[in-house]
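Contents: one structure, followed by commentary.
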Amino acid sequence: MAQISLTFPDGNSRDFDAGVTAADVAASISKSLGKKAISARLDDAHWDLQWPIEHDARIAINTMDDEAAALELIRHDLAHVMARAVQEIWPDVKVTIGPVTEHGWFYDFDRSEPFTPEDLGAIEKKMREIINARDPVRTEIWDRARAIAHYEAEGEPFKVELIDRIPGDAPIRMYWHGPWQDLCRGPHLAHTGQLPGDAFKLMGVSGAYWFGDVNRPQLQRIQGVAFRTKADLAAHLTMLEEAARRDHRKLGREMDLFHMQEEAPGQVFWHPNGWNIYTTLQDYMRRKQRAYGYSEINTPQIVDRKLWEASGHWDKYQENMFIVEVDEEHAREKAVNALKPMNCPCHVQVFNQGLKSYRDLPLRLAEFGACSRYEPSGALHGLMRVRGFTQDDAHIFCTEDQIESECAGFIDMLASVYRDLGFDRFDIKFSTRPEKRVGTDESWDYVENALENAIKATGHPYELDEGEGAFYGPKLDFKLTDAIGREWQLGTFQVDPNLPERLDASYIAPDGAKRRPYMLHRAILGSFERFLGILIENYEGKLPFWIAPRQVVVASIVSDADPYVTEITEILRRAGIRAEADTRNEKINYKVREHSVGKVPVILAIGAREVEERTVSLRRLGEKQTRTLDLETLVQDLRIEATPPDLG
RNA sequence: GCUGCUGUAGCUCAGAGGUAGAGCACUCCCUUGGUAAGGGAGAGGUCGAGAGUUCAAUUCUCUCCAGCAGCACCA
């Protein structure tokens, strides 16, 4: 029998008979590993323990400790186990497909009656029985005709159709979870007992069409979430509750920040409080940009389609653009414009004015660019996904050998902005050349190297995402983690030699020749709207003092204190603090409650004693105890606290 | 965009084939109260829009719009 050589993660190799399975390999290493094994990584493929290995390869045995592999298998096997449970309870239900999702899986069924919440409970119970039975998972490759005959006999028309969709040369793989069988490319766990019976939950039912085709029968989708441990599931459910509690749409209403309405879907009506946060953030970003050598510009909202055709966006994104047609009386043809969906082409127009010299580079053009995109209606979500938004956009025009230092400077700026805004942790994803690309390998080598060197110089860890770059250049994505562990992709840095080419941007090099600059697209917050949504949720509305829209409420306890309350309010306002007086005829309890709900960070209560002593009684949001301060100390302290972090 | 659900007062929601109600918020009155809701009175609604069925529609049916959840999408 032919021998193959398998190389383990520690670098050691061993020979095995060709056709050996990963299960055999695991068992040969140790008995316990044989038991704990759930799958293998064979070269870059996720490999079922039962699949035979026919060639030399690198191999790593996965156990439940390998999070990505474990979660994929758990969720995928649960999809099968759920489908089996459904068919055991309702034998006439037809099965379709059941893929893995971000936190779990779903499976679509064909059944005339809808599933009820009680049904979900019954299905969960049956799933646990299947898990407890520790049924073995078995797999075989079948001949296409046999598989089709099998599913026709079983009365599973969707599976027959699925097989027809599988390309002619691909193997038809069958899986069994105990007696229950499904068509599936795998891999799967070794037996149902490897599934954590207490770490999954069915989350609900929704409708779906077979392959999204409205002319096809309506299916019912059951979704579930699953993790490796009960604790992980509990953490996920707690996170969902937490997220609901701090939902920016709810806080936006409670804090009177903004609203949206039917007449302008996906667009924001900012109220005074919300706009205050917005402009405070914008002022901060403006200072930051100046500090990092950017020049701020502003470009038009409505731009002729000719520019979008030249940039290539018209072809690709026309469906998602707001088209504005202007029919002028004496014009020969109707002018077709689009609201700008992005700023890049406009920035090239600014660059293109006048002859640029290499001495002008790097030229960093920044804009708080208001963009409009016709997002699909189902995608709209509060401030997080809108149709009208403002990017903290900038484009750096530079030479090839400036890319590295520009990238390093950008990461430095981004890190300092995130830190100032209360996010200490962010991750970098580095996307490299895709298969379909333009440009020479040498230039890709150079640019990728430049980015990698820049990241390495910062010492920040990064993750490589090979082949995920744009067709014209590599990019960096920056993901930050919020207070409840959710990840948000915000910042981006992208190297683009393409758009300068398309829009004919050039500069004069030292040798007098005309050269194309590189264009670096970059954003830190992404969009103000979305970032504010994230900021509000991160802080649960309890924004840091410098950015809080209502910083201080001065509340009278007795109406005799009203003049003093007014006086303090004026003193604070003159010191640049956003202060309000509350002299309403209400009890102090009432006022404290109302302003606490409104997330005002500082409440000053003023009664006869304070009037007498010319002091204030200060209470901070969320704290029970109060502090008595004289006016000078108060102003001094609050002034320091109100100073933005970049000016402190 | 797809599927399901929802749309009644500023907010959170109840309700019924004969054109509506609660709590909070709002206005006024009483109350001057020391750190998360004092008491009373009042005002407030084309019941998302349009069409159909009906003697009668906010209620039933259809279409549209918007929102929510999931999916797809996100230059």
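These numbers were taken from a predicted model, which means no experiment stands behind them. Naming: A, B, ... by sequence-line order, numbering from 1 per chain. All values below were derived from every heavy atom in this structure, side-chain atoms included, with hydrogens, water molecules and symmetry-related copies excluded.
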Checklist entry - Is the centre of the A/Phe410 ring less than 6.0 Å from the centre of the A/Phe478 ring? => result yes

Item to check | A/Arg75 NZ/CZ over A/Phe227 ring centroid, <6.0 Å and within 45° of normal | outcome: yes

Checklist outcome for this item: In 5'-to-3' order, the base (B), backbone-only (S) or no-contact (-) status of each nucleotide in nucleotides 5-13 of chain B, using a 4.0 angstrom heavy-atom cut-off, is ------SS-

Next on the checklist: What's the gap between B/rC47 and B/rG33 when it is taken at their C1' atoms, as a whole Å value?
Outcome noted: 41 Å

Item to check | No-hydrogen, no-angle side-chain donor-acceptor test under 3.5 Å, A/Tyr107 and A/Asp182 | outcome: yes

Item to check | Inter- and intrachain pairs under salt bridge (Lys or Arg N to Asp or Glu O under 4.0 Å), touching residues 267-277 of chain A, at least two apart | outcome: none

Checklist entry - Of all residues at least two apart in sequence or in a different chain, which pass the ring pair (Phe, Tyr, Trp, His ring centres under 6.0 Å) check with A/Phe269? => result A/His259

Checklist entry - Are a donor atom and an acceptor atom from the side chains of A/Asp630 and A/Thr633 found within less than 3.5 Å of each other? => result yes

Next on the checklist: Measuring only the P atom in each nucleotide, how far is B/rG15 from B/rG52? A whole number of Å is fine.
Outcome noted: 30 Å

Next on the checklist: Between B/rU19 and B/rU59, how far apart are the two C1' atoms, rounded to whole Å?
Outcome noted: 11 Å

Checklist entry - So A/Asn337 and A/Gln301, side chain to side chain contact (heavy atoms under 4.5 Å, CB included) or not? Walk me through it. => result CA-CA 10 Å; A/Asn337 307 282; A/Gln301 289 300 299; over 6 Å; no

Checklist entry - For A/Gly266 and A/Arg584, take the nucleotide of RNA chain B holding the closest heavy atom to each; which residue's nucleotide lies nearer the 5' end? => result A/Arg584

Checklist entry - Start at the 5' end of RNA chain B and walk down; is the nucleotide closest to A/Ile557 or to A/Val597 reached first? => result A/Ile557

Next on the checklist: So A/Ala608, base contact, sugar-phosphate only, or nothing? Heavy-atom distance under 4.0 Å.
Outcome noted: base

Next on the checklist: Please check: side-chain N/O of A/Gln349 versus main-chain N/O of A/Pro345, any donor-acceptor pairing under 3.5 Å?
Outcome noted: yes

Checklist entry - Rounded to the nearest Å, what distance is computed from the CD atom of residue A/Glu254 to the P atom of nucleotide B/rA37? => result 16 Å

Next on the checklist: Just to verify, what does A/His248 make a ring pair (Phe, Tyr, Trp, His ring centres under 6.0 Å) with, not counting sequence neighbours?
Outcome noted: none

Each nucleotide N or O in nucleotides 44-47 of chain B that has a protein N or O under 3.5 Å away: list the pair and distance.
none

Item to check | Whether A/Asp232 side chain and A/Ala199 backbone form a donor-acceptor pair below 3.5 Å | outcome: no

Checklist entry - Which whole number of Å gives the distance between the C1' atom of B/rC68 and that of B/rU32? => result 46 Å

Next on the checklist: Any donor-acceptor pair under 3.5 Å linking the side-chain atoms of A/Arg433 with those of A/Tyr472?
Outcome noted: no

Between the protein and nucleotides 23-25 of chain B, which nitrogen or oxygen pairs are less than 3.5 angstrom apart?
from: B/rA25; atom 1: OP1; to: A/Tyr590; atom 2: OH; distance (Å): 3.3

Checklist entry - Rounded to whole angstroms, how far apart are CZ on A/Arg593 and C1' on B/rG38? => result 14 Å

Next on the checklist: Could you tell me how far B/rC60 sits from B/rA16 if I compare only their C1' atoms? Round to whole Å.
Outcome noted: 13 Å

Checklist entry - Looking at residues at least two apart in the chain, or sitting in another chain, which of them share a side-chain contact (heavy atoms from CB on, under 4.5 Å) with A/Lys429? => result A/Ser431, A/Glu463, A/Asp465, A/Asp477

Item to check | Geometric cation-pi criterion A/Arg387 and A/Tyr374, 6.0 Å radius, 45° cone | outcome: yes

Next on the checklist: Base contacts versus sugar-phosphate-only contacts with protein, heavy atoms under 4.0 Å: please encode nucleotides 69-75 of chain B as B, S and - from 5' to 3'.
Outcome noted: SSBBBBB

Checklist entry - Mind pulling the stems RNA chain B is in, i.e. runs of at least three Watson-Crick or G-U pairs, everything under 3.5 Å? => result B:1-7 with B:65-71, B:10-13 with B:21-24, B:26-30 with B:38-42, B:48-52 with B:60-64

Checklist entry - Rounding to the closest angstrom, what is the interatomic distance between B/rU53 and B/rC62 at atom C1'? => result 11 Å

Checklist entry - A/Val350: what forms a side-chain contact (heavy atoms from CB on, under 4.5 Å) with it, not counting sequence neighbours? => result A/Ile297, A/Thr299, A/Leu365

Item to check | Donor-acceptor contact below 3.5 Å, side chain A/Arg246 vs main chain A/Asn538 | outcome: yes

Next on the checklist: For a quick check under 3.5 Å, do A/Asn343 and A/Gln391 share a side-chain donor-acceptor pair by atom type?
Outcome noted: yes

Checklist entry - Is the NZ or CZ atom of A/Arg221 both under 6.0 Å from the centre of the six-membered ring of A/Phe106 and within 45° of that ring's axis? => result yes

Checklist entry - Of the residues in residues 620-631 of chain A, which ones touch RNA chain B at a heavy-atom distance under 4.0 Å? => result A/Lys624, A/Thr626

Item to check | Any donor-acceptor N or O pair under 3.5 Å, side chains A/Thr96, A/Lys159 | outcome: no

Checklist entry - Could you give all pairs that pass the salt bridge (Lys or Arg N to Asp or Glu O under 4.0 Å) test and reach residues 367-377 of chain A, with sequence neighbours left out? => result A/Lys340-A/Glu367, A/Glu375-A/Arg385

Checklist entry - What nucleic acid atoms does A/Glu610 come within less than 4.0 Å of, heavy atoms only: base, sugar-phosphate, or nothing? => result base

Checklist entry - Rounding to a whole Å, what distance do you find between A/Arg387:CZ and B/rC65:P? => result 11 Å

Next on the checklist: Distance check, C1' atoms only: B/rC26 and B/rA43, in whole angstrom units.
Outcome noted: 9 Å

Checklist entry - Mind checking whether A/Trp275 and A/Trp270 have parallel, tilted or perpendicular rings, split at 30° and 60°? => result tilted

Checklist entry - How close or far is atom C1' of B/rG34 from atom CD of A/Glu613, stated in whole angstroms? => result 13 Å

Next on the checklist: With rounding to the closest Å, how many angstrom separate the P atoms on B/rA22 and B/rA14?
Outcome noted: 16 Å

Checklist entry - Tell me: CZ of A/Arg609 to C1' of B/rU35, nearest whole Å? => result 11 Å

